[in-house]
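None of the values given here were measured: they were computed from a predicted structure.
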Amino acid sequence: MGAAMRRIHVGNALSAFGLGFTVPYLYVYVAQVRGLGSVTAGLVLAVFAVAALIVLPFAGRAIVRRGPLPVLLVALVTAALGALSLGLAASAATVLLSAAALGAGQAVMQPALATMIVDCSTSETRSRAFAMQFFLQNLGLGVGGLIGGHLVDTTSAASFTLLFAIEAAMFLVLVAVLATVRMPHAPRVAEVPGRSAGGSWKQLLGNRAMVQLCVLGFVLFFACYGQFESGLSAYGVEAAGISTSALGTALAANTLVIVVAQFAVLKFVERRKRSRVIAGVGLIWAVAWAVAGYAGLGHGSQAMATAAFISTYALFGLGEAMLSPTLAPLVADLAPTGMAGQYNSAFALVKQLALAIGPAVGGPLGASLHAPYVVVFLLFSLGISVLAVRLGRQLTEVQNQPALARSRVVTQGGAPAEAVAAAEA
């Protein structure tokens, strides 16, 4: 790794650390510590999603025109101000405004950092770079949540103020770390008369492979991440009788599998077609949902139900480790020259939509309709495999299996499937 890539990975770890440091405790902070009630606390969590959905369409255009680094620095300062003001806020209005700033800043960080990784990597090294990003993100989330949990005291608002102040400081440290990064020259899309932001979105929607990848991404995030802390946890408590400590163990098992297996899985993934890897993830998650079904609907002992539930989260972690070096590099390879920021933002927008809709659908379903909940998401997982196979038909050989590019000359940054296919013909 070059110096720029090392700093980018530090940025990923610090941003994830800040997220894990505070987000798990937002509900308790707003509802109980500030005494604003459960309705306001729920609105705060919704504001995070809404802010992301508002800013991401504009973030992609800004990254394309200005480059990812300036956009990232603005996002970091915005997030720092939001975190600090959230720790000092005492009324519902200031809490919601602060949450909006923090949510918007954190949302823009994702595509900006992803685009920086694209600019600092090649098609041969990109999968490993994104695997490292995912590894550090999970490590940062885990460490941040662990330290934050030991610092907070629900009887003291000052402890939460300290928590948010430390998060703001992390973002500002990250500004200092990244402000002097020397990014390699990356092509930019100049403003052309008559070309609007709507035109760039129209161009993206005209890329059939990217549209199919976005549909696939929505199903992936909806059926996995959108259920972790809502539907699946509610199902575990209500149907399987899982204790809160066992639920924490399951989440820890998910993170542990990712951290331990990430680079071993990478070696397996790099030699195989991306579409088949994603299809394999769908099958693994289908098994995970079947195991969850046994945990809540089987007639075994409580110990067996708990073990099965923890195994469900571990299997999800294995699938996540397979996706991290697959999805993000594929988005980059589908993007035309200079448009990686637009494509990364579009994919981040799809992820946010799935994360907003997933809990709203899965929470009530998992808490009350146990068997239908498991069946529905088992079918969603099998649907992932079907969509992945269909996506593979839209990809060129090199886009689907980058290892083939080692013996060829390919354009860094990727190109639309149609253009590459024509060139190869």
Side-chain angles (χ1 to χ4, degrees), residues 49 52-53 56 107 110-111 114 127 130-131 133-134 137-138 141 208-232 254-255 257-258 261-262 265-266 269 272-290 292 312-334 343-362 365-366 373-395 399-400:
L53 295 177
L56 281 172
Q110 299 177 33
S127 292
F130 277 104
Q133 178 200 32
F134 192 65
Q137 281 179 340
N138 279 274
L141 284 169
R208 291 183 61 186
M210 183 60 189
V211 171
Q212 288 195 22
L213 180 59
C214 286
V215 173
L216 174 59
F218 179 88
V219 177
L220 280 165
F221 296 122
F222 177 79
C224 177
Y225 297 97
Q227 305 306 313
F228 267 11
E229 297 177 3
S230 57
L232 189 54
N254 174 266
T255 302
V257 168
I258 292 171
Q262 181 63 84
V265 167
L266 176 63
V269 168
R272 284 159 179 82
K273 291 183 177 180
R274 286 166 168 169
S275 59
R276 292 182 181 177
V277 171
I278 300 171
V281 171
L283 295 177
I284 290 172
W285 286 357
V287 173
W289 283 108
T312 298
Y313 275 79
L315 287 169
F316 274 118
L318 179 60
E320 292 174 74
M322 294 171 64
L323 287 176
S324 63
T326 306
L327 281 181
L330 180 54
V331 173
D333 289 348
L334 288 175
Y343 277 55
N344 282 325
S345 294
F347 200 71
L349 180 63
V350 168
K351 180 178 180 179
Q352 288 296 330
L353 280 170
L355 294 181
I357 298 173
V361 174
L365 194 62
Y373 177 69
V374 172
V375 171
V376 165
F377 283 96
L378 191 152
L379 293 176
F380 264 106
S381 298
L382 295 176
I384 289 170
S385 299
V386 174
L387 290 172
V389 172
R390 292 185 62 185
L391 173 64
R393 297 170 186 163
Q394 295 292 326
L395 304 176
Q399 287 172 339
N400 204 8

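In terms of heavy atoms, A388 sits closest to A279 at CB-N, 3.6 Å. Closest approach of W285 and G319 over heavy atoms only: NE1-CA, 3.6 Å. For the residue pair P111 and A348, the shortest heavy atom distance occurs at CD-CB, 4.3 Å. When every heavy atom of A131 is checked against every heavy atom of S324, the shortest pair comes out as CA-OG, 4.1 Å. The nearest pair of heavy atoms linking Y373 to L232 is OH-N, 2.9 Å. Scanning both residues, A49 and Q352, for their nearest heavy atoms gives CA-OE1, 4.4 Å.
With a 4.5 Å cut-off on side-chain heavy atoms, F377 and F222 count as touching. Side-chain contact between I357 and F218: present, with at least one pair of heavy atoms (C-beta onward) separated by less than 4.5 Å. Within the 4.5 Å cutoff, the side chain of L382 has no heavy atoms near those of the V386 side chain. S275 is not listed as a side-chain neighbour of Q394, based on a closest heavy-atom distance of 4.5 Å or more. Side-chain atoms of K351 and L355, non-hydrogen and from C-beta on, do get closer than 4.5 Å to each other. Between L318 and I258, every side-chain heavy-atom pair lies at or beyond the 4.5 Å cut-off. Between L387 and Q212, the closest side-chain pair of non-hydrogen atoms is not below 4.5 Å. Side-chain contact check for L323 versus V269: every heavy-atom pair is 4.5 Å or farther apart.
For the atom pair CG (N400) and CG (L330), the distance works out to 8.0 Å, reported to the nearest 0.5 Å. With rounding to the nearest 0.5 Å, the separation of CG in L220 from CD in E320 is 10.5 Å. How far CZ of F134 is from CD of Q262: 6.5 Å, rounded to the nearest 0.5 Å.
N254 contributes a side-chain N or O that, together with a main-chain N or O of Y313, makes up a donor-acceptor pair within less than 3.5 Å. Put simply, the side chain of Y343 never gets that close to the backbone of D333: no donor and acceptor are under 3.5 Å apart.
Residue-environment remark: CZ (R272) exceeds the threshold of 12 foreign heavy atoms within 6.0 Å.
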*asked:* Apply side chain to side chain contact (heavy atoms under 4.5 Å, CB included) to residues I278 and L327 and explain how you reach the verdict.
replied: CA-CA 8 Å; I278 300 171; L327 281 181; 3.9 Å; yes

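Here the options are L391, L395, V389, the test is side chain to side chain contact (heavy atoms under 4.5 Å, CB included), and the partner is R393; only V389 passes.
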